[in-house]
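Contents: one structure, followed by commentary.
Reminder, nothing fancy here: chain letters follow the sequence lines and each chain counts from 1.
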Amino acid sequence: MPDLSLLSFLAIALVTLGASAAAITRRNIIHSALLLVAGWAGIAAYYLWAGAEFVAFAQILVYVGAVSMIVLFAVLLTRLGPGDTAPAPDAFQRAAAALVAGGACFVALAGAILTSPLDLPAAARPPAVAAAPAINVREIGLALMEPAHAAALLVIGILLTVALIGAIVIASIDRREADHSGEAAS
Amino acid sequence: MSLFASLSPLHLDPLHLGLLFSSALFCLGLVTALARSNTILVLLGVELMLNAANINFIAFASRSQGAAASTGVLFAIFSIAVAAAEAAVGLALIIAIHRHRRSVRLQDANALKG
């Protein structure tokens, strides 16, 4: 008799993998992007199932909230030309090669996972995963302020600042260049 | 126990299930990045592969206690932050390339091709 925990995991995995697999096959890029966002939401549900609440809500805030918005903005800003919607002449060949590569990768990974015993200290624990969170938000906050992690936190803050300013600089329109080419910079 | 009985989801522990889930997602991201020629979808495939790596961290952290659990969770949080920065810069690059070449197909961005 399968327990509820296993059933919920199988439902989460089915929804996530189904949405991600459907995103590959859609020809409309907005459909693909929205299906991938659904896959990210499913990953957040997996984090909740595994007892990592803080990471789950960070995933929802960052991916389902922020990254999906800039992806949709990028899709809308990069308007497709007339020749872009037609499939490339070698599209089928590329898809077949990609499927072979992905399938081989999955077979290798699954074989390695299933044949490894994974004898960790907690291996004898019953599979009641979602019973209690392994670590709560207070512990995460205290761990971030430890000397071992405080430097990494600062580096991440600097990285995000530099990366976002750099993204604005890369994506912004060079006004002089636009004036020379006579292009409206709107 | 026969091979097939031991492979059914009932006999796998949550760590195995999480690792199999993450490898399936990784391979879906790989297929997306290799098969599609739209640069935005290639970037989203790479993001999916990063997410699969995060699932591994959480799968291992959820069965450990104390300091080991906090290390796994913290690594996943840092990884999400780096992935967000990567997505912002990548999409800005796509917009810049689209402004110059009027296309988001990977095959059209071949100015540096030898």
Side-chain angles (χ1 to χ4, degrees), chain A residues 2 6 9-10 13 17 20-21 24 29 32-33 36 40 43 46-47 50-52 54-55 58-59 62 66-67 70-71 74-75 77-78 81 84 88 94-95 98-99 101-102 105-106 109-110 113-114 118 120 122 127 129 134-135 139-140 143-144 149 152 156 159-160 163-164 166-167 170-171, chain B residues 7 9-10 13-21 23-32 34-38 40-41 44 47-48 51 54-55 58-59 61-65 69-70 73-74 76-78 80-82 84-85 87-89 91-96 98-99 102-105 107:
Chain A
L6 181 67
F9 171 79
L10 289 180
L17 294 175
S20 306
I24 302 176
I29 181 171
S32 284
L36 278 171
W40 288 334
I43 293 172
Y46 170 78
Y47 292 156
F54 185 76
V55 184
Q59 168 95 6
V62 173
V67 174
I70 56 172
V71 165
V75 169
L77 285 174
T78 58
D84 283 342
R94 273 164 55 100
L99 272 180
C105 183
F106 180 71
L109 282 173
I113 290 167
L114 290 175
L118 295 175
L120 295 179
V129 170
I135 176 169
E139 287 166 348
I140 291 175
L144 275 175
H149 298 125
I156 285 287
L159 171 79
L160 274 174
L164 292 178
I170 290 171
Chain B
L7 285 185
L10 293 178
D13 67 6
L15 180 56
H16 274 117
L17 289 176
L19 293 183
L20 282 176
F21 176 45
S23 20
L25 264 185
F26 181 88
C27 295
L28 281 177
L30 186 68
V31 172
T32 308
L34 291 178
R36 299 303 295 255
S37 58
N38 191 317
I40 296 175
L41 282 179
L44 289 181
E47 289 284 332
L48 204 58
N51 266 302
N54 279 346
I55 290 177
I58 297 300
S62 73
R63 64 180 291 149
S64 42
Q65 302 287 330
S70 92
V73 170
L74 288 182
I77 291 169
F78 286 139
I80 286 175
V82 173
V89 175
L91 290 168
L93 281 172
I94 290 171
I95 290 174
H98 177 264
R99 181 172 304 127
R102 295 282 152 208
S103 168
V104 288
R105 291 180 73 236
Q107 289 89 344

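Between A:Gly102 and B:Val31, the shortest heavy-atom distance links the atoms CA-CG2, 3.8 Å. The minimum heavy-atom distance between A:Arg94 and B:Arg36, with the atom names listed, is NH2-O, 3.0 Å. Residues B:Ser62 and A:Ala50 share a closest heavy-atom pair of CB-O, 3.1 Å. Taking all atoms of both residues into account, the shortest heavy-atom contact from B:Phe26 to A:Cys105 is CE2-SG, 3.9 Å. In terms of heavy-atom proximity, B:Ser70 sits nearest to A:Ala143 at OG-CB, 4.2 Å.
For a residue to count as touching a neighbouring chain, one of its non-hydrogen atoms must lie under 4.5 Å from one of that chain's; by this rule B:Leu28 touches chain A with backbone and side chain alike. Heavy atoms of A:Val62 lying under 4.5 Å from chain B belong exclusively to its side chain. With a 4.5 angstrom heavy-atom cutoff, A:Ile170 touches chain B via backbone and side-chain atoms both. Both the backbone and the side chain of B:Leu93 come within contact range of chain A, each with at least one heavy atom under 4.5 Å from a heavy atom of that chain. Both the backbone and the side chain of A:Ile70 come within less than 4.5 Å of a heavy atom in chain B. Proximity to chain B (any heavy atom under 4.5 Å) is restricted, for A:Leu164, to the side chain, taken from C-beta onward. Of the atoms belonging to B:Leu20, heavy atoms from both backbone and side chain fall under 4.5 Å from chain A. Residue A:Tyr46 touches chain B through its side chain alone, counting heavy-atom pairs closer than 4.5 Å. Both the backbone and the side chain of A:Ala74 come within contact range of chain B, with heavy atoms under 4.5 Å apart.
In this structure, CD1 on A:Ile43 lies 4.5 Å from CD1 on B:Ile55, to the nearest 0.5 angstrom. Residue A:Ile113 holds its CD1 atom at 10.5 Å from CG of B:Leu17, rounded to the nearest 0.5 Å. Note that the CG atom of B:Leu34 and the CD1 atom of A:Ile24 stand 10.0 Å from one another [nearest 0.5 Å]. The distance from atom CZ of A:Phe54 to atom CD1 of B:Ile77, rounded to the nearest 0.5 Å, is 4.5 Å. A distance of 9.0 Å separates CG in B:Leu91 from OG1 in A:Thr78, rounded to the nearest 0.5 Å. Within the model, atoms CG of A:Leu17 and CG of B:Leu25 stand 5.0 Å from one another, a figure rounded to the nearest 0.5 Å.
Contact check for A:Tyr47 versus B:Asn54: side-chain heavy atoms found under the 4.5 Å cut-off. Considering only heavy atoms from C-beta on, A:Leu159 stays 4.5 Å or farther from B:Phe78 through its side chain. A:Leu77 is not listed as a side-chain neighbour of B:Ile94, based on a closest heavy-atom distance of 4.5 Å or more. Side chains of B:Val104 and A:Ile29 form no contact here, defined as non-hydrogen atoms less than 4.5 Å apart.
Across B:Ala24, B:Ala59, B:Ala84, the residue that shares the most heavy-atom pairs under 4.5 angstrom with chain A is B:Ala24. With chain A as partner, the option from B:Asn51, B:Val89, B:Leu74, B:Val82 having the largest number of non-hydrogen pairs under 4.5 angstrom is B:Asn51. Heavy-atom pairs under 4.5 Å with chain A peak, among B:Ile95, B:Ile58, B:Val73, at B:Ile58.
Judged by distance alone, the side chain of B:His16 and the main-chain N or O of A:Leu114 form no donor-acceptor pair under 3.5 Å.
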